[in-house]
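Step one of this worksheet: look at the structure below.
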Amino acid sequence: MNKFSIIIPCYNAEKYIERCLKSIIKQTYRNFEIIIINDGSTDKSLDIIKKYQERNKCIKCVNQENMGVAATRNNAIKYITGNKFIFIDADDYIENNYLEKVNDVLEKNKDIDVLKFKIKLVDEGGNLIRMENGLNKEGVTSFEELVKLEFLEPAWSYVYKLSFWKENNFTYLKGMIHEDFGLTPEILMKANKIYYLNSYLYNYVQRNGSIMSSNNKEKLHKKAYDMLYQYDRLIKINYNKDTKVY
């Protein structure tokens, strides 16, 4: 039986963390733990987390000084006790049957290293904006197919096998905007088997003022620089005679 470790990096998410936690606690599949890394929040996030900890023994909260999302995700790995894990951003939430749908596939396919699913985009009130245009298929797939997807890079759009992650010593680069851009393609290229699940399981909240939606020129310039830096790193790490260039 699979045990899922659900990692939530949390920084000043008092407006969203309760909805996120409720979506996990309501899961129809019950063998999971919640690992919240409180990344130096200065709002009421920690108070809300503690309230849920008192009622739910499956919640573990680790407090740290503010280090950013990349360092927070890296730090979380050492607290995992499950054999599979996922990331959820504190302002997002998942469907109630997320773990059940994923577990059904993983029980039948023990050698899957990474599982991909579909995304819904919603506003801060939970209203549907649109559905991701993903692959209209289900089953084992390849990097060449996944590279065409809109949500290829986000860390939260996959389920990972812990042993595969540790064997490859994957880590996110600290201090980067969109740090998953530099690691997710490497993970997919090194995976022996990737499964695509044709189900919408994750609600990606489009909120005002986020790094991804900001019009701040300084942030946009840093994002562009960071993505180019990480792209160059990926080329150096992964390029070989079998690599297909598009």
Side-chain angles (χ1 to χ4, degrees), residues 1-8 23-24 27-35 58 73-74 76-89 92-120 131-172 179-204 234 237-238 240 242-244:
M1 177 183 286
N2 290 301
K3 178 180 179 181
F4 294 91
S5 297
I6 302 169
I7 297 170
I8 307 175
S23 75
I24 302 170
Q27 289 298 299
T28 53
Y29 182 85
R30 303 303 302 165
N31 192 16
F32 64 85
E33 64 178 355
I34 302 171
I35 302 170
C58 63
R73 286 179 178 152
N74 293 339
I77 301 299
K78 64 187 177 186
Y79 296 103
I80 290 175
T81 63
N83 62 323
K84 304 291 193 303
F85 73 95
I86 64 176
F87 294 108
I88 300 179
D89 280 0
D92 298 334
Y93 58 100
I94 57 177
E95 295 297 313
N96 292 353
N97 63 345
Y98 177 119
L99 294 182
E100 183 177 354
K101 296 279 287 187
V102 165
N103 185 67
D104 286 346
V105 172
L106 296 177
E107 281 295 321
K108 297 172 185 175
N109 301 269
K110 304 286 188 181
D111 54 349
I112 292 174
D113 291 323
V114 181
L115 183 145
K116 180 80 174 74
F117 46 81
K118 287 185 172 180
I119 312 299
K120 289 190 288 185
M131 314 281 271
E132 174 198 2
N133 293 319
L135 303 177
N136 292 317
K137 58 164 281 183
E138 183 161 318
V140 175
T141 189
S142 65
F143 178 80
E144 286 74 22
E145 287 186 302
L146 292 180
V147 77
K148 303 170 188 176
L149 296 178
E150 177 182 5
F151 293 102
L152 171 71
E153 292 91 5
W156 42 254
S157 60
Y158 299 90
V159 179
Y160 308 94
K161 181 192 288 186
L162 181 61
S163 59
F164 162 68
W165 187 281
K166 287 188 172 181
E167 283 166 10
N168 290 277
N169 194 29
F170 293 126
T171 54
Y172 292 98
E179 71 290 331
D180 27 17
F181 179 92
L183 183 59
T184 301
E186 181 182 353
I187 292 170
L188 297 176
M189 284 187 276
K190 289 184 177 179
N192 292 315
K193 184 176 284 190
I194 305 167
Y195 192 96
Y196 186 83
L197 180 57
N198 192 19
S199 298
Y200 290 93
L201 301 178
Y202 192 97
N203 295 284
Y204 176 31
L234 280 170
I237 291 175
N238 294 299
N240 58 54
D242 297 319
T243 301
K244 294 182 180 180

Nearest heavy-atom approach of Leu149 to Gly134 is CD2-CA, 3.9 Å

Name all residues meeting the ring-ring contact (aromatic ring centres under 6.0 Å, His included) criterion together with Tyr93; count only those two or more places apart in sequence or in a different chain, and write none if there are none. none

Give, for atom CG of Asn96 and atom CG of Leu201, the distance between the pair rounded to the nearest 0.5 Å. 11.0 Å

If you compare all heavy atoms of Leu152 against all heavy atoms of Ser157, which two are closest, and at what distance to 0.1 Å? O-OG, 4.4 Å

Identify, with sequence neighbours excluded, every residue that meets salt bridge (Lys or Arg N to Asp or Glu O under 4.0 Å) alongside Lys166. none

Does the side chain of Asp89 reach to within under 4.5 Å of the side chain of Tyr204, using non-hydrogen atoms? no

Look at the aromatic rings of Phe87 and Phe85 and report parallel, tilted or perpendicular, splitting at 30° and 60°. perpendicular

Sub-4.5 Å side-chain heavy-atom contact between Leu135 and Glu145: yes

Any luck finding a side-chain donor-acceptor pair between Asn31 and Asn2 under 3.5 Å? no

Residues at least two apart in sequence or cross-chain that pass salt bridge (Lys or Arg N to Asp or Glu O under 4.0 Å) with Asp92, listed by chain then number, are none

Heavy-atom check, side chain of Asn192 versus side chain of Asp111, under 4.5 Å: no

Flag yes if more than 12 heavy atoms outside Lys110 fall under 6.0 Å of its NZ atom; otherwise flag no. yes

Quick check for you: to the nearest 0.5 Å, what is the distance between Glu132 atom CD and Tyr202 atom OH? 12.5 Å

Under the rule for ring-ring contact (aromatic ring centres under 6.0 Å, His included), what residues qualify as partners of Phe164, not counting sequence neighbours? Phe170

Ignoring hydrogens, what is the shortest heavy-atom contact between Ser5 and Gly82? Give both atom names and the distance. OG-N, 3.0 Å

Would you say that Glu33 contacts Lys3 through its side chain, given a criterion of any heavy-atom pair below 4.5 Å between the two side chains? yes

Rounded to the nearest 0.5 Å, how far apart are OG of Ser199 and CD of Glu100? 11.0 Å

Sequence neighbours left out, what pairs pass salt bridge (charged side-chain N to carboxylate O under 4.0 Å, His left out) with at least one residue falling in residues 77-88? none

Under 3.5 Å: donor-acceptor pair, side chain of Thr28, backbone of Asn97: no

Quick check for you: to the nearest 0.5 Å, what is the distance between Ile88 atom CD1 and Tyr98 atom OH? 6.0 Å

Enter the distance from Leu188:CG to Glu144:CD here, rounded to the nearest 0.5 Å. 10.5 Å

Hits for ring-ring contact (aromatic ring centres under 6.0 Å, His included) against Tyr196, two or more places apart or cross-chain, chain-then-number order -> none

For Lys137, does the NZ atom sit with more than 12 other heavy atoms under 6.0 Å from it, leaving out its own atoms? yes

CG of Asn168 to CG of Asp113: how many Å apart, nearest 0.5 Å? 8.0 Å

Which atom pair, heavy atoms only, marks the closest approach of Phe32 to Ile24? CZ-O, 3.5 Å

Between Lys101 and Glu95, does any NZ, NE, NH1 or NH2 come within less than 4.0 Å of an OD or OE carboxylate oxygen? no

Is it true that the side chains of Asn198 and Lys118 contain a donor and an acceptor less than 3.5 Å apart? yes

Measure up the Phe4 and Tyr29 rings against each other and bin them: parallel (under 30°), tilted (30 to 60°), perpendicular (over 60°). perpendicular

